[in-house]
Amino acid sequence: MGRFGGEEEGELTRNCWGQPDFCPEVDKTDMDLDAVTKQSVLHAKPDGLILQYGTAGFRTKAEHLDHVMFRMGLLAVLRSKQTKSTIGVMVTASHNPEEDNGVKLVDPLGEMLAASWEEHATCLANAEEQHLPRVLVDISEKAAVDLHQDAFVVIGRDTRPSSERLSQSVIDGVTVLGGQFYDYGLLTTPQLHYMVFCRNSNGQYGKATVEGYYQKLSSAFVELTKQAFCRGDDHRTLKVDCANGIGALKLAEMKHYFSPGLSVQLFNDGTKGKLNHLCGADFVKSHQKPPQGIEMRANERCCSFDGDADRIVYYYHDADGQFHLIDGDKIATLISSFLKELLLEIGDGLSLGVVQTAYANGSSTRYLEEVMKVPVYCTKTGVKHLHHKAQEFDIGVYFEANGHGTVLFSKAAETKIKQLAKESEDEKRKAAKMLENIIDLFNQTIGDAISDMLVIEAILALKGLTVQQWDALYTDLPNRQLKVKVADRQVISTTDAERQVVKPPGLQEAINDLVKKYRLSRAFVRPSGTEDIVRVYAEADSQENTDSLAYEVSLAVFQLAGGIGERPQRGF
Ligand code: 16G
Ligand code: MG
């Protein structure tokens, strides 16, 4: 048998979508496909299992993922050769239950994997064992991969019990294709994104070590807050629910770097509870209640990370014991108003834009546009969509309501700010210096709970704002999210950043009629990218009306889009 598993070159075959294809003409001697075949047997694909590289990579029960991990190791090598850069592989399933796992690739600038490679990833993950070598060759050909190039892959993983073994499978994939690798072990997702960018910018973005990450963020935080703490406001504490995930380990290591400016008290640190179980940012946002395992006193500032620490939400109990959630929308508002003030001070005409999704509370959009006079844009759900839109501004703020977001500064904006911080006169220089530190404090590769937390804490300290004052910027419209089970969620297709349904016919008209019945109302539906369900979102003038609207829209989805199982019920 030859190195290509005995297949003849140029022979008519089927590609991974089952269409006839010609075996491509790449120099296969640069991939030891025999070795791949042998190793792959040790990471065999379960028969008939089809998975999709979704919004945030592959995600399913951990026991079904071994072959996917091995193959993403292979793919990372090809992507690294093609881009002539270091590529990241993160093993995590974020806020999903502990039994799940997942994997995503990180592109050279620390961004999410390019869309065309998501297709390659899906192809490779679903190839039957005997077609694997051919699919690898096919991808190399289609993507014009120079197989003579060296490849380097960095790997990180969260704290799930399955993650260590699965990241070993990634390493098997990398090494069998001759790639070099560095295994960072336990990392938050945003830390891995940071490492990738540091390496590909030759250290310009920062030092590609955990220590380098702690130092870069902490020194920016300390510099930025010097002014506030000089006023004597030096005793700030924050309670952090770490979702029993990786955020707890990393924050415990890091907190000494930014204390005494801020002291954090960690809860759900993984010593007792289960990952993401009744805690974490996703739980708090979707249930609109505090996590278990945290002691909250009236008016105390608390926040929750999700399982891989790329999302954050804040909250507090008021004196009457009422719970108040401060989600991604309000975080974006706080950050944008602070940035806008600084930009006015430096007066340099740099553009500021805010990017949201359809899930953004209507009150937040109104406040940003009408009170703050900031342009707001809406994209489809998923970080990559928001991130790309935010790159169009000098300064682009993006946040999903669920608490995932960051701020991007264009190269030109960064240069301008650095120059002003050196040259201009006093007031201007002070504002420019603050912006300079803010640039360093944000993780510009992806939303990062630790970095966002430090930015928020710095702003609150500098502005002398309490959590209640922040919350009072605007009042959220009551909102409700529901899930509907349908036979095939792909029967629903949407347009206008997921705000309008195109198919099935009649559904949008039905939603429009229902929305008309209520005041200040809005509703939309979209197929989830991470679960086998359709999501329904509604908001209106009162919680009662919102719940009623959400129920009626769910029923319309059930009836017009092939609902299965129990019909949606009134009351929650
Ligand atoms: C993923 C996305 C998140 C999005 C969510 C939507 C990334 C890194 N994460 O977690 O941004 O809000 O999916 O899930 O892109 P859904 O499609 O099930 O509503
Ligand atoms: Mg996450």
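For ligands, and for the atoms within them, numbers begin at 1 and follow the listed sequence.
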**Q** Can you tell me how the ring of Phe258 sits relative to the ring of Phe221, calling it parallel under 30°, perpendicular over 60° and tilted otherwise?
**A** perpendicular
**Q** Taking 4.0 angstrom as the limit and counting only heavy atoms of Arg535, give me the atoms of ligand 1 inside it, by number and element.
**A** 16 (P), 18 (O), 19 (O)
**Q** Using only heavy-atom distances, determine whether the side chains of Ser548 and Tyr518 contain a donor-acceptor pair under 3.5 Å.
**A** yes
**Q** Could you check atom 15 (O) of ligand 1 against the protein and tell me its nearest heavy-atom contact, residue, atom and distance included?
**A**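 Atom 15 (O) of ligand 1 sits closest to the protein heavy atom Val383 N, 3.1 Å.
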**Q** May I ask you to identify, for Lys384, whether its side chain, its backbone, both or neither come under 4.0 Å of ligand 1 on a heavy-atom basis?
**A** neither
**Q** When you measure from the side chain of Lys330 to the backbone of Tyr474, do you find a donor-acceptor pair of N or O atoms at a distance under 3.5 Å?
**A** yes
**Q** Does any N, O or S atom in Thr92 come within less than 2.8 Å of the Mg ion (ligand 2)?
**A** no
**Q** Would you indicate whether Gln559, at its atom CD, is surrounded by more than 12 heavy atoms from other residues, nucleotides or ligands within a distance under 6.0 Å?
**A**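 More than 12 within 6.0 Å, yes.
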**Q** Considering only protein heavy atoms, which is closest to atom 9 (N) of ligand 1, and at what distance to one decimal place?
**A**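 So the nearest neighbour among protein heavy atoms is Ala56 CB, 3.8 Å.
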**Q** Does the structure place the NZ or CZ of Lys216 under 6.0 Å from the centre of the six-membered ring of Tyr205, at an angle of no more than 45° from the ring's axis?
**A** yes
**Q** Counting only N and O atoms by type, is there a donor-acceptor contact under 3.5 Å from the side chain of Gln191 to the main-chain atoms of Thr188?
**A**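 The answer is yes, because a donor-acceptor pair under 3.5 Å joins these two groups.
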**Q** Over 60° means perpendicular and under 30° means parallel, so tell me whether Tyr257 and Tyr214 are parallel, tilted or perpendicular.
**A**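 Rings of Tyr257 and Tyr214: tilted, 30 to 60°.
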**Q** Which protein non-hydrogen atom lies closest to atom 11 (O) of ligand 1, naming both residue and atom, and how far is it?
**A**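 Residue, atom and distance for the closest contact: Glu400 OE1, 2.5 Å.
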**Q** Starting from atom 2 (C) of ligand 1, which protein heavy atom do you reach first, and at what distance in Å?
**A** Thr55 CG2, 4.0 Å
**Q** Fit a plane to each ring of Tyr398 and His387, take the angle between them on a 0 to 90° scale, and name the class: parallel (under 30°), tilted (30 to 60°) or perpendicular (over 60°).
**A**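 Tyr398 vs His387 ring planes: perpendicular.
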**Q** Look at ligand 1 and say whether Gly382 reaches it with a heavy atom at a distance under 4.0 Å.
**A** yes
**Q** Can you tell me if, anywhere in Asp282, an N/O/S atom lies at a distance from the Mg ion (ligand 2) that is smaller than 2.8 Å?
**A**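 Coordinating: no.
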**Q** Examine the proximity of ligand 1 to Thr357 and report which part, side chain or backbone, both or neither, has a heavy atom under 4.0 Å away.
**A** neither
**Q** Specify whether Phe393 and Tyr377 have parallel, tilted or perpendicular ring planes, treating 30° as the upper limit for parallel and 60° as the lower limit for perpendicular.
**A**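 Answer is tilted, since the angle falls between 30° and 60°.
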**Q** Taking N or O atoms only and a 3.5 Å limit, does Glu531 qualify as a polar contact for ligand 1?
**A**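 The answer is no, given that Glu531 and ligand 1 share no N or O pair closer than 3.5 Å.
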**Q** Regarding Arg522 and the six-membered ring of Tyr537, is the cationic atom NZ or CZ under 6.0 Å from the ring centre and inside 45° of its axis?
**A** no
**Q** What angle sits at the Mg ion (ligand 2) between OD1 of Asp310 and OD1 of Asp308, to 10°?
**A**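 It rounds to 90°.
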**Q** Out of all atoms in ligand 1, which are within 4.0 Å of some heavy atom of Asn402? Include the element for each.
**A** 12 (O)
**Q** Just to confirm my output: which protein heavy-atom neighbour is closest to atom 10 (O) of ligand 1, and how far is it?
**A**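 Protein heavy atom at minimum distance: Arg311 NH2, 3.5 Å.
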**Q** In the protein, which heavy atom is nearest to atom 13 (O) of ligand 1, and how far is it?
**A** Thr530 CG2, 3.5 Å
**Q** Any idea which protein heavy atom is nearest atom 6 (C) of ligand 1, and the distance to it?
**A** Thr381 CG2, 3.6 Å
**Q** Does ligand 1 have an atom under 4.0 Å from some heavy atom of Met112?
**A**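 It does, in that a heavy atom of Met112 comes within the 4.0 Å cut-off of ligand 1.
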**Q** In Å and rounded to the nearest 0.5 Å, what is the NZ to CG distance from Lys384 to Asp107?
**A** 11.0 Å
